[in-house]
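In what follows, a single structure is set out as structure tokens and then discussed.
So you know, we letter chains A, B, ... as the sequences are listed, proteins then strands, and number each from 1.
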Amino acid sequence: MIDPKLLRQSATDVAANLARRGYEFDAGAYLSLEERRKSLQVETEQLQSERNASAKRIGAAKAEGEDIEPLLAAVKDLGDRLAVGETALQKVQAELRDIELDLPNLLDQSVPDGTDECDNAEVRSWGEPAALVFNARDHIELGESLGMLDFEAASKISGSRFVVMKGPLARLQRALIQFMLDTHIEEHGYEETYVPYLVQEQALVGTSQLPKFEEDLFKTETETPFYLIPTAEVPVTNLARDAIFEADELPKQYVAHTPCFRSEAGSYGKDTRGLIRQHQFEKVELVHFVIADDSMAALESLTGHAETILQKLQLPYRVVALCAGDVGFGATKTYDIEVWLPGQQKYREISSCSNYNDFQARRMQARRRNPASGKPELIHTLNGSGVAAGRALVAVMENNQNNDGSIRIPAVLQPYMGGLQVIA
RNA sequence: GGAGAGAUGGCUGAGUGGUCGAAAGCGCUCCCCUGCUAAGGGAGUAAGGGCUAAUACCCCUUCGAGGGUUCGAAUCCCUCUCUCUCCGCCA
């Protein structure tokens with residue numbers, strides 16, 4: 001959520017910033033609604049104040065044994081007037097909140113212009129795509145011929161966009177997850193967390209998947225509905241909900257491995273085959289809570305932590321700064337890390353690292369106490385994949401394939417594979 | 001699933017219709033006292049929102065959540081959620 005005070009005071013500046021995303025914010029309509037809110041709120045609070053004062057007078061008079069009938073008569077219609085005002089105020093406030101919850105975050109000035117992923121700016125790249133002497137196979141062909149990826153079996157059980165993995169390949173994904181967790185815990189200073197995979201609406205409003213993107217989520221039909229998490233960002237970031245951190249508690253860095261569940265509504269034609277886009281996938285997620293001044297530096301270090309994983313796996317990648325039109329709803333700035341996939345002969349997203357500044361914090365009431373003023377102020381939140389395990393598996397398979405269809409296991413993963421060096 | 005108890009400020013815990021945003025204690029902050037420490041004395045110490053140039057005044061809201069009764073609700077009524085104890089079941 002954008003600061004409502006900023007919306008009031010600088011609505012046209014906000015509109016100009018959001019226009020970079022291609023988002024149209026009707027500042028005039030907002031401001032007229034806001035003006036209505038102001039007069040209604042001032043009026044209603046005035047009536048509440050009168051009610052409180054008269055209740056006290058009546059109480060005092062009664063204690064003195066005086067006749068309170070005249071006082072009661074004087075406030076006879078106050079309750080009705082108040083009820084009318086309160087109802088009207090609540091309605092306007094709800095309308096304003098709906099608008100505010102629907103507004104994307106302001107973009108950082110360093111975000112490059114552009115409308116879609118074609119305009120993203122490469123920041124750096126690492127490693128060289130290998131020149132394979134034979135025709136590179138994709139992970140589907142590799143996995144199926146090894147007998148270790150079974151999309152048909154998954155389809156029988158659950159339909160499309162699911163997979164069954166078997167044997168050393170299933171273990172390889174687990175090895176990747178373990179390796180990533182251990183690296184972040186031991187080398188990057190993260191605290192490991194285990195979190196719920198089912199969350200309530202409020203948590204998703206906090207991280208801004210709701211109310212706008214409900215169709216992307218799986219929802220249970222229980223009495224109070226649960227949503228399956230689309231990313232560990234949701235439960236982990238909500239650890240800061242309604243919290244006031246003391247000065248020495250920040251920064252915080254959390255890592256979590258979870259499955260992620262996405263309906264993929266609206267992506268029907270995309271990546272229909274293989275592991276790239278599944279309803280269920282494994283991911284290691286990094287989350288930072290920092291003070292406002294530190295969030296841009298934290299974005300750089302978080303992105304670096306994800307890059308370290310790919311470097312240790314010897315996977316070629318590049319880092320791109322998402323352009324204005326491609327930055328996600330709640331982020332102020334995002335780097336995507338794209339790994340080279342020989343089977344597709346292109347770079348594909350394997351991690352997305354975002355600074356949300358106070359956007360999620362405001363929705364969650366996530367604060368820290370400023371030691372100088374003693375007052376609570378909003379923290380900044382960040383998150384990024386460190387990295388997506390399913391896609392990392394794809395990258396390892398395709399980049400480490402041999403001519404005979406066997407797959408070399410990266411050295412850093414071999415300890416997690418019982419010393420196995422090749423999957424054949 | 002059955003039976004019972006409970007939910008109050010950072011913590012413990014009073015408070016069953018009126019001046020209660022809320023006693024007391026603990027914790028924390030500042031000051032005094034003290035050679036240091038310990039002990040002691042005094043003052044302060046919730047969050048969100050409105051108004052505003054203001055993190056100054058002032059005002060509003062909040063005692064698990066939502067509704068109701070009332071001039072007035074932490075206190076009375078209804079619904080829900082959660083926590084704890086015992087029994088059953090289960091990983």
Side-chain angles (χ1 to χ4, degrees), chain A residues 1-10 13 30-31 33-101 194 196-206 220 222-227 235 238-250 291-293 358-379:
Chain A
M1 214 162 89
I2 297 172
D3 185 356
K5 282 193 176 176
L6 185 70
L7 284 173
R8 286 172 217 164
Q9 287 164 6
S10 317
D13 292 346
Y30 180 84
L31 287 176
L33 196 59
E34 164 54 27
E35 227 167 278
R36 215 166 112 63
R37 183 233 101 223
K38 181 169 171 172
S39 67
L40 276 170
Q41 183 158 354
V42 169
E43 181 189 336
T44 302
E45 288 187 358
Q46 174 61 30
L47 288 173
Q48 287 173 326
S49 182
E50 277 177 39
R51 178 204 54 197
N52 293 344
S54 68
K56 280 188 183 181
R57 271 199 304 276
I58 291 169
K62 211 174 171 184
E64 297 293 319
E66 295 168 14
D67 179 18
I68 59 170
E69 282 305 322
L71 290 170
L72 288 180
V75 295
K76 193 161 170 286
D77 65 331
L78 191 59
D80 292 336
R81 284 158 58 207
L82 190 52
V84 170
E86 280 176 342
T87 304
L89 176 61
Q90 275 167 20
K91 185 162 171 285
V92 172
Q93 281 178 327
E95 283 176 44
L96 282 168
R97 185 165 173 80
D98 286 347
I99 293 173
E100 288 158 7
L101 285 176
Y194 171 80
Y197 304 158
L198 293 172
V199 298
Q200 295 192 3
E201 178 184 2
Q202 188 180 225
L204 288 150
V205 172
T220 68
T222 44
E223 201 175 355
T224 43
F226 289 109
Y227 293 86
N238 272 280
L239 290 173
R241 164 179 290 282
D242 292 326
I244 302 178
F245 294 107
E246 294 304 327
D248 60 357
E249 292 182 284
L250 296 183
I291 65 174
D293 289 344
D358 61 12
F359 188 83
Q360 295 178 322
R362 184 169 290 107
R363 288 167 167 245
M364 294 189 301
Q365 283 300 336
R367 295 150 295 169
R368 51 86 66 148
R369 196 171 298 283
N370 184 324
S373 65
K375 296 292 176 192
E377 55 189 37
L378 295 171
I379 62 168

Select one nucleotide: of [options], the one nearest the side-chain heavy atoms of [X].
X	options	result
R51(A)	G72(B), G50(B), A47(B)	G72(B)
Q48(A)	G50(B), U61(B), A47(B)	U61(B)
I244(A)	U52(B), G48(B), A47(B)	A47(B)
I58(A)	C71(B), G49(B), A54(B)	C71(B)
S54(A)	U52(B), A47(B), C71(B)	C71(B)
P376(A)	C71(B), G49(B), A47(B)	A47(B)
E45(A)	G48(B), C51(B), C59(B)	C59(B)
S49(A)	U61(B), C59(B), C51(B)	C59(B)
A55(A)	G50(B), A47(B), G18(B)	G18(B)

Query raised in the report: Do E100(A) and L7(A) come close enough that some side-chain heavy atom pair is under 4.5 Å?
Result: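 Side chain of E100(A) against side chain of L7(A), heavy atoms only: contact under 4.5 Å found.
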Query raised in the report: P376(A) versus Q365(A): any side-chain heavy-atom pair under 4.5 Å?
Result: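 Of all side-chain heavy-atom pairs linking Q365(A) with P376(A), none is under 4.5 Å.
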Between [atom2] of [N] and [atom1] of [X], the distance in whole Å:
X	N	atom1	atom2	result
R362(A)	G48(B)	CZ	P	12 Å
K5(A)	A53(B)	NZ	C1'	12 Å
M364(A)	G48(B)	CE	C1'	16 Å
D248(A)	C28(B)	CG	C1'	13 Å
R363(A)	G48(B)	CZ	P	19 Å
K62(A)	A73(B)	NZ	P	13 Å
Q365(A)	G48(B)	CD	P	6 Å
E246(A)	U29(B)	CD	P	11 Å

Requested in this report: Between E50(A) and Q9(A), name the one whose nearest nucleotide on RNA chain B is closer to the 5' end.
Outcome: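 The answer here is Q9(A).
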**Report entry** Upstream residue (5' side of RNA chain B) when L78(A) and P4(A) are each assigned their closest nucleotide
**Finding:**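 Going by which nucleotide is closer to the 5' end, it is P4(A).
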[atom1] atoms of [N] and [M], separation to the nearest Å:
N	M	atom1	result
U8(B)	G4(B)	P	22 Å
U29(B)	G10(B)	C1'	14 Å
C86(B)	C76(B)	C1'	31 Å
G15(B)	A22(B)	C1'	8 Å
G50(B)	C82(B)	P	32 Å
G41(B)	A24(B)	P	15 Å
A43(B)	U52(B)	P	37 Å
G44(B)	C26(B)	P	16 Å

Report task. Classify the side chain of K56(A) versus the base of G18(B) as yes if they form a donor-acceptor pair under 3.5 Å and no if they do not. Result ->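 Checked by distance alone, the answer is no.
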Query raised in the report: Under 4.0 Å: is that the gap between some side-chain N or O of R369(A) and OP1 or OP2 of A47(B)?
Result: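 R369(A) to A47(B) OP1/OP2: side-chain N or O found under 4.0 Å.
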Query raised in the report: Are any of R8(A)'s side-chain N or O atoms less than 4.0 Å away from OP1 or OP2 of C51(B)?
Result: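 Affirmative; the distance criterion is met.
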Distance check, rounded to the nearest 0.5 Å: [X] atom [atom1] versus [Y] atom [atom2]?
X	Y	atom1	atom2	answer
F245(A)	R367(A)	CZ	CZ	10.0 Å
M1(A)	L378(A)	CE	CG	9.5 Å
R241(A)	Q360(A)	CZ	CD	11.0 Å

Report task. Would you mind classifying the nucleic acid contact of K38(A) as base, sugar-phosphate or nothing, using non-hydrogen atoms under 4.0 angstrom? Result ->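 Contact class for K38(A): sugar-phosphate only.
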Query raised in the report: Is N52(A) touching bases, backbone alone, or none of the nucleic acid, heavy atoms closer than 4.0 Å?
Result: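 Sugar-phosphate: the residue N52(A), judged by heavy atoms under 4.0 Å, touches backbone atoms but no base.
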Checking base pairs now: Watson-Crick or wobble, both atom distances under 3.5 Å. What partners [N]?
N	result
A73(B)	none
U52(B)	none
C63(B)	none
C89(B)	none
G21(B)	none
U83(B)	A5(B)
C28(B)	G44(B)

Requested in this report: Answer with yes or no whether the side chains of E45(A) and Q41(A) bring together a donor and an acceptor at under 3.5 Å.
Outcome: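 Yes, a side-chain donor-acceptor pair sits under 3.5 Å.
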Report task. State whether the number of non-hydrogen atoms from other residues, nucleotides or ligands found under 6.0 Å of R36(A) atom CZ is greater than 12. Result ->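 Result for CZ/R36(A): open.
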Query - E50(A), CD: over 12 other non-hydrogen atoms inside 6.0 angstrom - result: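 More than 12 heavy atoms, drawn from other residues, nucleotides or ligands, come within 6.0 Å of this atom.
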